[in-house]
Amino acid sequence: MSKEITPRTTDYSQWYNDLVLKGGLADYSAVRGCMVIKPYGFALWENMRDRMDRMFKDTGHVNAYFPLFVPRTFLEKEEGHAEGFAKECAVVTHYRLKADPGRKGALIVDPESKLEEELIIRPTSETVIWNAYRDWIRSYRDLPLLINQWANVVRWEMRTRLFLRTTEFLWQEGHTAHATAEEAVEETRRMLDVYADFVENEMALPVIKGVKTANERFAGAVDTYCIEALMQDGKALQAGTSHFLGQNFSKAFDVKFLNRENRLEHVWATSWGTSTRLIGALVMAHGDDNGLVMPPRIAPLQVVIVPIHKGDEQKALIDAKVHALMSELRAMGISVKYDDSDNARPGWKFAEHELKGVPVRIALGARDLQNSVAEVARRDTGEKASVSLDGLASHVRNLLDEIQANLLHRARAYRDAHITRVDTWDEFKKVLEEKGGFVSAHWDGTGETEERIKEETKATIRCIPLDNPAEDGACIFSGKPSRERVLFAIAY
RNA sequence: CGGGAAGUGGCGCAGCCCGGUAGCGCACCUGGUUUGGGACCAGGGGGCCGCAGGUUCGAAUCCUGUCUUCCCGACCA
């Protein structure tokens with residue numbers, strides 16, 4: 001079973017699909033636009049989820065769960081929100097089926113079961129949650145309310161791609177309520193930092209923190225902050241968002257609290273989310289033509305050991321060494337698998353584990369045993385080294401750290417090399433066409449200009465970086481004065 | 001939702017034009033030999049030909065519809 005992977009240079013999209021499908025992360029399903037997350041992909045998601053969940057809890061948040069269904073009238077309450085999501089909602093209109101009188105065994109929607117009010121399958125949960133918060137919040141003593149939810153959501157997209165954009169996807173959404181705007185903004189920024197921390201340090205993906213322009217803002221938000229990552233094809237991908245919602249939802253759902261002065265005020269809100277889309281980012285940022293490359297810290301499997309032997313006597317000797325090594329590694333908290341199945345030969349196993357992106361592979365043969373060494377191969381660079389069995393476990397532990405650091409370093413070097421400062425419209429178009437990546441350019445601050453640029457180049461403003469230095473200049477498109485550069489890119 | 005392509009054992013494909021009841025490689029099962037980068041020999045199992053209609057004595061093959069996927073566009077995390 002040779003699993004050919006389309007090289008990136010031949011067809012980047014196909015390469016991505018090959019990695020996801022052949023790497024065993026996910027599969028297509030019988031349902032349009034929906035995918036099956038397979039055990040290997042789900043193990044990855046679980047690792048990501050667990051790390052993030054810990055970080056949320058460490059910053060004072062608790063988990064809860066709200067309904068999948070949103071009454072239509074809820075969605076209507078916040079105007080911007082309603083407009084933003086209306087076009088991509090799945091709607092439940094009936095609650096019962098019945099036998100089709102015309103076709104034996106067939107079912108039809110029972111027209112008698114029409115719902116008085118349609119239920120929307122949540123595209124996000126602001127409305128149901130704020131409707132509940134109204135009853136939960138009375139005074140400033142109830143604040144801040146810091147809640148997160150792990151859930152699935154549905155957005156009826158026209159065109160789907162595994163992990164990057166599917167009709168249903170898994171995510172986490174934090175929804176917090178605060179007594180003051182300052183506190184809510186602080187929360188928005190804190191969670192953005194948590195995301196950046198997670199994505200960079202666990203996923204080894206460098207991100208740029210920034211603010212969205214009005215055009216790119218979340219429907220219903222006052223400000224949308226984001227982390228933007230760069231993929232190997234030069235396209236940007238939004239890896240997480242954190243919104244300052246102001247009082248938009250508390251006003252829409254009439255959520256008030258008594259402040260210390262005994263006066264009623266609307267509360268201030270935030271919401272923030274990351275999704276299984278991050279897996280797509282991971283695949284596209286680190287993968288190569290041999291398959292996936294998993295960052296050690298979230299890899300479903302960190303180390304695989306492959307025995308190489310002739311006959312059972314040799315195998316027994318290798319087994320003994322391997323079992324000792326495995327206990328040592330496990331004691332260090334490292335996940336390890338002994339791939340001693342007899343139905344595949346070493347070469348096949350090597351290729352398979354490379355496809356799956358296992359960070360470290362150890363091959364142990366009779367020859368190695370004689371020399372008290374093992375062959376240690378790292379997935380990120382493909383390098384192989386002969387390493388003494390003595391102290392091998394701690395060598396591996398260090399190597400995992402090194403791989404993690406190298407992946408981040410490599411991705412950062414690529415990212416940094418693909419942030420191009422341009423000052424003319426010709427340059428701007430040229431860089432987008434020929435090089436890709438982020439283009440740092442002056443912009444006059446108007447939505448019209450942003451639109452025009454998008455029409456002509458497909459590039460959008462990914463963000464206005466948070467640590468952006470002030471710099472006087474002229475808008476790349478209109479020539480009007482500008483006070484700072486913003487980051488453009490063609491995005492996923 | 002428009003334009004293009006594709007759906008045949010688990011995977012990759014041939015067969016379709018010219019209708020006659022399905023084949024190849026890999027994978028799988030059994031036995032044996034093997035094992036340092038995708039092993040070999042022998043034997044064997046597995047297919048509603050995406051689904052639904054229609055034409056026909058007979059449909060993988062012709063016709064109609066429909067579903068799913070890919071690529072490219074318009075919309076979005």
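Predicted model only: the values in this text are computed from it and were never measured. Protein chains get the first letters and strands the later ones, always in sequence-line order, with residue 1 at the start of each.
- At a threshold of 4.0 Å, the pair A:Arg379-A:Asp288 counts as salt-bridged, since one of the basic side-chain nitrogens sits closer than that to a carboxylate oxygen.
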Taking only distance into account, with no hydrogens and no angle test, what donor-acceptor pairs under 3.5 Å do side-chain atoms of residues 367-376 of chain A form with protein atoms, sequence neighbours excluded?
residue  : atom : partner  : partner atom : Å
A:Asp368 : OD2  : A:Gly365 : N            : 2.9
A:Asn371 : ND2  : A:Arg367 : O            : 3.3

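- When each of A:Phe218, A:Phe198, A:Phe56 is checked for a ring-ring contact (aromatic ring centres under 6.0 Å, His included) with A:Trp272, only A:Phe56 meets the rule.
- Picking from B:A74, B:C71, B:C76 the nucleotide with the shortest atom distance to the side chain of A:Met158 gives B:A74.
- Pairing of B:U33, defined by two Watson-Crick or G-U wobble distances under 3.5 Å, is identified with B:A39.
- Of the residues A:Phe438, A:Phe477, A:Phe428, the one that meets the ring-ring contact (aromatic ring centres under 6.0 Å, His included) test with A:Phe488 is A:Phe428.
- Of the candidate nucleotides B:C71, B:U69, B:G37, B:G37 has the atom nearest to the side chain of A:Ala351.
- Base engagement by A:Leu164 is indicated by at least one non-hydrogen atom pair under 4.0 Å involving a base atom.
- Within 4.0 Å (heavy atoms only), A:Lys315 reaches no atom of the nucleic acid at all.
- Comparing B:U69, B:G73, B:C71 by their closest approach to the side chain of A:Arg32 singles out B:U69.
- A:Arg361 comes within 4.0 angstrom of a base, heavy atoms only.
- Counting non-hydrogen atoms under 4.0 angstrom, A:Val31 reaches the backbone sugars and phosphates but no base.
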Using a 4.0 Å heavy-atom cut-off, write out nucleotides 31-36 of chain B from 5' to 3' as B (base contacted by protein), S (sugar-phosphate only) or - (no contact). ---BBB
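- In this structure, A:Glu450 does not pair ionically with A:Lys454, as no charged nitrogen and carboxylate oxygen lie closer than 4.0 Å.
- Across the C1' atoms, B:G20 and B:U61 are found 11 Å apart, a figure rounded to whole Å.
- Within the 4.0 angstrom heavy-atom criterion, no nucleotide atom of any strand lies near A:Gly280.
- In this structure A:Glu448 satisfies the side chain to side chain donor-acceptor pair (under 3.5 Å) test with no other residue, sequence neighbours excluded.
- Annotation: A:Trp156, atom CH2; neighbour count of heavy atoms from other residues, nucleotides and ligands within 6.0 Å does not exceed 12.
- When heavy atoms are screened at a 4.0 angstrom cut-off, A:Glu354 is found touching base atoms of the nucleic acid.
- Using a 4.0 Å heavy-atom cutoff across all strands shown, A:Thr166 reaches at least one base atom of the nucleic acid.
- Contact annotation for A:Gln238: backbone-only contact, meaning every heavy-atom pair under 4.0 Å involves sugar-phosphate atoms and none involves a base.
- Residue contacts shown for A:Phe169 include a base, since a base heavy atom lies under 4.0 Å away.
- Rounded to a whole angstrom, the distance from the C1' atom of B:C62 to that of B:U68 is 23 Å.
- Taking atom P in both B:G7 and B:A14, one finds a spacing of 7 Å when rounded to whole Å.
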